[in-house]
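See structure below.
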Amino acid sequence: MSDIPFKNPGWAGNTGEFELSEEEVRGADFVGDRPADGGHASGAGTMPYMLAHKEPEAPLFDGAYKDRLEKILSRYPTKQAALLPALGLAQEIRGHVSPASMDEVADALELSSAYVRGVATFYTMYNKRPVGRHLVQVCTNISCNLAGADEVVDAFLKYTDTELGETSEDGNFTVIEAECLAACGFPTCVQINSRYFENVTPTEVPKICEHLKAEGE
Ligand code: FES
């Protein structure tokens with residue numbers, strides 16, 4: 001693992017060199033045999049959003065986040081065109097996009113609340129209600145399904161003692177099913193916040209959850 005500042009490929013106006021180590025972006029290590037320093041089929045773990053730390057009451061578009069919004073806006077011909085990344089930024093800050101957050105985004109982009117709500121509620125990747133520190137999205141699409149995704153979902157629900165979409169009592173986990181995560185060659189694929197865990201089997205689930213909890217302490 002190198003100490004060189006991590007080069008982010010750019011997301012939501014946040015492009016360039018950061019004072020983040022690769023460990024800070026990817027997590028301390030990967031569960032199982034997956035190498036922490038590469039060889040991972042997915043780029044998802046390189047995106048510094050949907051972090052475990054969520055602040056539902058944090059101000060939107062203030063300070064550094066105001067600069068981020070400005071950068072986002074500079075990339076688009078109109079404010080309306082920047083709606084998706086602006087909603088993504090709101091979710092990055094607060095962990096979910098509530099009706100109040102949608103209104104704030106509408107104000108910032110000079111759009112109607114109805115328009116922003118129509119867009120935000122269309123996309124499943126915007127969480128419309130609070131989720132746990134770790135949002136566990138198990139792909140149950142065809143390839144993963146054939147490889148036993150339903151059993152993986154059951155294992156996560158059992159470990160977290162929740163129903164689908166419910167947040168565990170300790171606030172750590174919300175488990176949902178997801179459509180294809182584009183890692184069909186590595187079933188069952190599970191996206192937890194912005195990290196992919198591939199070839200997940202039910203027996204690995206407790207280890208993954210314990211690892212995530214320990215990482216957040
Ligand atoms: S079917 Fe699961 S990642 Fe495509």
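Numbering of ligands and ligand atoms starts at 1, following listing order. Keep in mind it's a predicted model, so treat the numbers as computed, not measured. When a residue number appears, it is its place in the shown sequence, counting from 1.
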Between the side chains of Glu57 and Arg94, is the shortest nitrogen-to-carboxylate-oxygen separation below 4.0 Å, so that they form an ion pair? no

Considering only NZ, NE, NH1 and NH2 on the basic side and carboxylate oxygens on the acidic side, decide whether Glu151 and Lys158 come within less than 4.0 Å. no

Atom pair CD/OH of Gln191 and Tyr196 - distance to nearest 0.5 Å: 5.0 Å

With Glu110 via side-chain hydrogen bond (donor to acceptor under 3.5 Å, both in side chains) - residues at least two apart: Lys79

Give a yes or no on whether a salt bridge exists between Arg133 and Asp170, defined as a side-chain N under 4.0 angstrom from a carboxylate O. no

Near ligand 1, which residues have a heavy atom under 4.0 Å away from one of its atoms? Cys139, Asn141, Ser143, Cys144, Cys180, Leu181, Ala182, Ala183, Cys184

CE/Met125 to CG/Leu87 distance, rounded to the nearest 0.5 angstrom? 11.0 Å

